[in-house]
Amino acid sequence: MKWLNRQEYPLMTETSLNTPKRLTRKQKRLLVIAGLAVVVGLAAALILTALRDQIVFFYSPTELMARPELAGEAVRIGGLVEQGTFERNGETNQFSITDGNSTIAVTFIGLLPDLFREGQGVIAEGSLTDAGDFSASNVLAKHDETYIPREVEAALREQGVWQGGE
Amino acid sequence: MAWSRFFIWPLAAISALFFALGVWFAFFNSPADYQMGDTVRIMYVHVPNAWLSQMVYGLMAVSAVGSLVWRHPMADVSMKAAAPQGAAFTAMALFTGALWGRPTWGTFWEWDGRMTSTLILFLIYLGLIALWRALEHQANGPRLIAIVTLVGAVNIPIIKFSVDWWNTLHQPASVFRADGPTMPGSILMPLFLMMFAFTFLFALLQTLRMRTEIERRRVRSLERRHVAEGATA
């Protein structure tokens, strides 16, 4: 009976239980590194979660409205310049920033960036006044992740299928 | 690594070819953006440098594992050779980003998630260069530096996903995203040419620097043997 040949077919107990598995040195080091990665990754995740509110570069109008404690504090709000709200009077600019949900009226005295226009994503630095509007000390334009050649834009406009702003 | 000398000229030629094609397309044969106009051309230098600033760190992290687990001397050489290049690519990404940010956003610098984490990457590179200078010849120096390198790798996913996790001034990814690039081929193609050009440039510089580092180690051990023989004679 070949099944009785212990050399070829050792008993289960002889293989798995009687010969304890030993990790090689390299496997041990790999395990230590994997452990280090888990610990460091977890620590970073905890820190970043705890600091989430501090890392945010700007609030949307809705987020700012939901935090009355930020009234009068220096904050940034970001959103789209609402269509038809931009008015320039000398150096004084007035427009509304919207996230589709809430809208905040912004007053800003100074030079606007080149990319500023209605429908454009912008970020305003300043603070919420008692009247509920936003007095900005600086306005930045945001650029989104889409790149479109000028000729393509012109062609799309001609065909009346342009989806972008203005 | 003696075989690596056969790679030097091919790498240089491929990089030069991609640079010639890429620069020509980037400056003369790619469209202006509908919003940014010609400023968009800064992207063809900014994005490859930003990509390499993270890719080089990835290579250093892999080398660090090779150094810690397999104790391979070539892994130490690779880590040491890559650090200053990573610092240079990161500095270029920060610099071209500032030049691009001024006309586009209206500011050279803001402390948003993407920019701050990239600045931290630059500081990590500087720290690792300093560590190599300070600890290289100490008994467990390279092991220690490898551990620091691995701990610093936690910053790489933070840079990559900063624009998704938090509200940032920097726009989200345009090229490496789940639903495909958000640029047409006429902008994407020069960008890829430039990314290949810079990547092959890095491969070339890394090969040269590793060869130099090996020679340096050889000289040092020869000197040591010479001193030892002098002492016995």
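When reading the values below, keep in mind they use all heavy atoms of this one structure, side chains included, and skip hydrogens, waters and symmetry mates. Computed from a prediction, not measured in an experiment: that's the story for all the values here. Here is the naming used below: chain letters follow the sequence lines, and residue numbers restart at 1 for every chain.
Closest heavy-atom contact between A/Leu115 and B/Gln35: CD1-O, 3.6 Å. Closest non-hydrogen pair, A/Tyr147 versus B/Pro184, comes out as O-CD, 3.1 Å. Residues A/Glu145 and B/Ala173 come closest through the heavy atom pair CB-O, 3.8 Å.
Neither the backbone nor the side chain of B/Leu188 comes within less than 4.5 Å of any heavy atom of chain A. The contact between B/Val154 and chain A is made entirely by side chain atoms (from C-beta outward), counting heavy-atom distances below 4.5 Å. Both the backbone and the side chain of B/Leu169 come within contact range of chain A, judged by heavy atoms closer than 4.5 Å. Only the side chain of A/Arg76 comes within contact range of chain B, with at least one heavy atom under 4.5 Å from a heavy atom of that chain. For chain A, the nearby part of B/Ser186 is the side chain; its heavy atoms alone come within less than 4.5 Å. Proximity to chain A (any heavy atom under 4.5 Å) is restricted, for B/Arg177, to the side chain, taken from C-beta onward. Only the backbone of B/Trp111 comes within contact range of chain A, with heavy atoms under 4.5 Å apart. Contact annotation for B/Pro103: only backbone heavy atoms (N, CA, C, O) come within less than 4.5 Å of a heavy atom of chain A. Within the 4.5 angstrom heavy-atom criterion, atoms from both the backbone and the side chain of B/Val69 approach chain A.
Side chain of B/Asp112 to backbone of A/Phe57: no donor-acceptor contact under 3.5 angstrom is found. B/Asp33 contributes no side-chain N or O that, together with a main-chain N or O of A/Pro149, makes up a donor-acceptor pair within less than 3.5 Å.
Residues of residues 94-113 of chain A having a heavy atom under 4.5 Å from any heavy atom of chain B, listed by number: A/Pro113. Inspection of non-hydrogen atoms places A/Arg29, A/Leu30, A/Ile33, A/Leu36, A/Val40, A/Gly41, A/Ala44, A/Leu48 of residues 28-50 of chain A under 4.5 Å from chain B.
Of the listed residues (B/Ala32, B/Gly106, B/Ala153), the one with the most heavy-atom contacts under 4.5 Å to chain A is B/Ala32. When each of A/Lys26, A/Arg52, A/His143 is scored by its heavy-atom pairs under 4.5 Å with chain B, the top score falls to A/His143. When A/Val139, A/Leu140, A/Val122 are compared by the number of non-hydrogen pairs under 4.5 Å with chain B, A/Leu140 comes out ahead. Of the listed residues (B/Asn155, B/Thr116, B/Ile187, B/Ile147), the greatest number of heavy-atom pairs within a distance under 4.5 Å of chain A belongs to B/Ile187. Of the residues considered (B/Met43, B/Glu110, B/Met183), B/Glu110 shows the highest number of contacts with chain A, using heavy-atom pairs under 4.5 Å.
Applying the salt bridge (charged side-chain N to carboxylate O under 4.0 Å, His left out) criterion to A/Arg67, with sequence neighbours excluded, gives A/Asp53, A/Glu69. For B/Trp100, the ring pair (Phe, Tyr, Trp, His ring centres under 6.0 Å) test picks out B/His46, with sequence neighbours left out.
More than 12 heavy atoms of other residues, nucleotides or ligands lie within 6.0 Å of CZ in A/Arg150, so this atom counts as buried by the packing criterion.
Considering CD1 of A/Ile123 and CG of B/Asn167, their distance stands at 8.0 Å, rounded to 0.5 Å. Here OG1 of A/Thr146 is found 5.0 Å from OH of B/Tyr34. Values are rounded to the nearest 0.5 Å.
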